[in-house]
Protein chains: 2
Amino acid sequence: MNNKPLLDYINIYINLTVEEKTILLSKIIHRNYLKGQYIVQQGDICKSANFIISGCTKTFYTNKEGQEHTVMFSVEDWWTSDLGSFITQTPADFNVQCLENTELIQFTFENLEELYTKIPKLERFFRKIIERAFVASQKRIIKNFSLAAKEHYLIFKETYPEIEQRVPQYMIASYLGITKEFLSKIKSQLIHDQ
Amino acid sequence: MNNKPLLDYINIYINLTVEEKTILLSKIIHRNYLKGQYIVQQGDICKSANFIISGCTKTFYTNKEGQEHTVMFSVEDWWTSDLGSFITQTPADFNVQCLENTELIQFTFENLEELYTKIPKLERFFRKIIERAFVASQKRIIKNFSLAAKEHYLIFKETYPEIEQRVPQYMIASYLGITKEFLSKIKSQLIHDQ
DNA sequence: AAATAATATTAATCTAGATTAACATCTATT
DNA sequence: AATAGATGTTAATCTAGATTAATATTATTT
């Protein structure tokens, strides 16, 4: 069981004793998903917060017209789940699907509640994790609101340099909130611009 | 000093002892702002998390073209600040301006850090506050992405029934991410529709 | 290596919402 | 009550990005 990436990550925010680490590790679940499998499905209640050991996921939702909108991509050392659904234990707004074979560490809602009482320091850790998620979410709102598609695409390339190589163009278009055809247009404009 | 709304609010999430309440109250600042004044300005580091006792604020930012985008409105018993800037202590993306005379309770960054060490239970409280803010922020992304302006406006009216009466139309247009002229068009369409 | 499926590009046409500008109200100040 | 400033509406024109559809490329299977 490869727990090192998770423990290293936690160690950035809080210091756990050896006993605390033992308790923590007794309450996590290792799980492997294949490419294409769903970790969370829209409408289900998201049962776990998931830390990625290896692989890549996309978080998206489908509106009533059946159009997909990609909200984020996640890779190694990131969290992936419908955090809103997990927090409130209400039906998920989002799907989380594996774009590659993906290895996760899962915290179920019940296990995490238990961990909070046994290791109160974890309140601090998850406060900080959610703070970061919140900041990212706010920045996303600003981008969607104020940037033209071309600018938004350039920022995407800076923010996620690896992801453009790892996922198909139509998913990037979906992330940017534009059609794949328009993304294609933007890219050819950028080539001719220089 | 009217501390009751804050203590009632905290009591929903955690139970504080009498001593803990005393410590807490010794570390807060009451502050009154006049209509039009800024609690936070874009570019400054947001120094406090602010709980509204009375009044109303808007959170907005101005892009390089000088266009204002309203991200949220806040009223009594809500929090208002650039939480992203506060959390990371980096320059604010947003302005927070009072739309009415507004009475606040302020937690400075330093006081809050001190409170976390003296009353570790507050980690839990603020974790839950930020969880809620995060959920709201995620729902906002979905709305901006997938709804046509008319639908978005109807949801706005349901979500904030009081606010439409309390703030000018052009701010609502800014919140919806459309021009005031287009909002006007939508409203007259809705009247003729029925 | 051919065939099929999946993904990407190009181009023509269409539409939601922006922009501009003229006019109408409403509110506050002298 | 008259004027100025802020806010709201209507209408004409314009544009970013959507839609559709045809074609090209790339990856996967037989």
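The sequence lines fix the lettering, A, B, ..., with proteins before strands; numbering per chain opens at 1. On a predicted model such as this, the values are computed, not experimentally measured, just so you know.
Inter-axis angle, ends of the helix from dA1(C)-dT30(D) to dT30(C)-dA1(D), five pairs per end, rounded to 10 degrees: 40°.
Counting all heavy atoms, side chain and backbone alike, R166(A) lies closest to G55(A) at NH2-O, 3.3 Å. Contact between P5(A) and D77(A) at its shortest, heavy atoms only, is CB-OD1, 3.8 Å.
A heavy-atom distance below 4.0 Å to DNA chain D is reached by none of the residues of residues 152-163 of chain B.
We find that E113(A) and K27(A) are not joined by a salt bridge, their nearest charged nitrogen and carboxylate oxygen being 4.0 Å or further apart.
In this structure, F60(A) has its ring center no closer than 6.0 Å to that of F94(A). Aromatic rings from F126(B) and W79(B) are positioned such that their centres are separated by under 6.0 Å.
For Q169(A) and dA27(D), the CD to P distance is 12 Å, given to the nearest whole Å. Between R166(A) atom CZ and dT7(C) atom P there is a gap of 17 Å when expressed in whole angstrom units. Atom OH in Y170(B) sits about 8 Å away from atom C1' in dA6(D), given to the nearest Å. We find that CG of L183(B) is positioned 15 Å from P of dT7(D), with the value rounded to whole Å.
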Where protein sits on nucleotides 10-18 of chain D, one letter per nucleotide: B base, S sugar-phosphate only, - none, heavy atoms under 4.0 Å: B------BS
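Few gaps surround CZ on R124(B); more than 12 heavy atoms of other groups in view lie less than 6.0 Å from it.
No side-chain heavy atom of K58(A) sits less than 4.5 Å from a side-chain heavy atom of V167(A).
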Criterion side-chain contact (heavy atoms from CB on, under 4.5 Å) on Y9(B) and F125(B), from CA distance to verdict: CA-CA 10 Å; Y9(B) 182 87; F125(B) 172 68; 3.8 Å; yes
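For the side chain to side chain contact (heavy atoms under 4.5 Å, CB included) criterion with F109(B), the lone passing option out of Q89(B), K47(B), E114(B) is Q89(B).
R140(B) forms a cation-pi arrangement with Y175(B), by the criterion of a distance under 6.0 Å to the ring centre and an angle within 45° of the ring axis.
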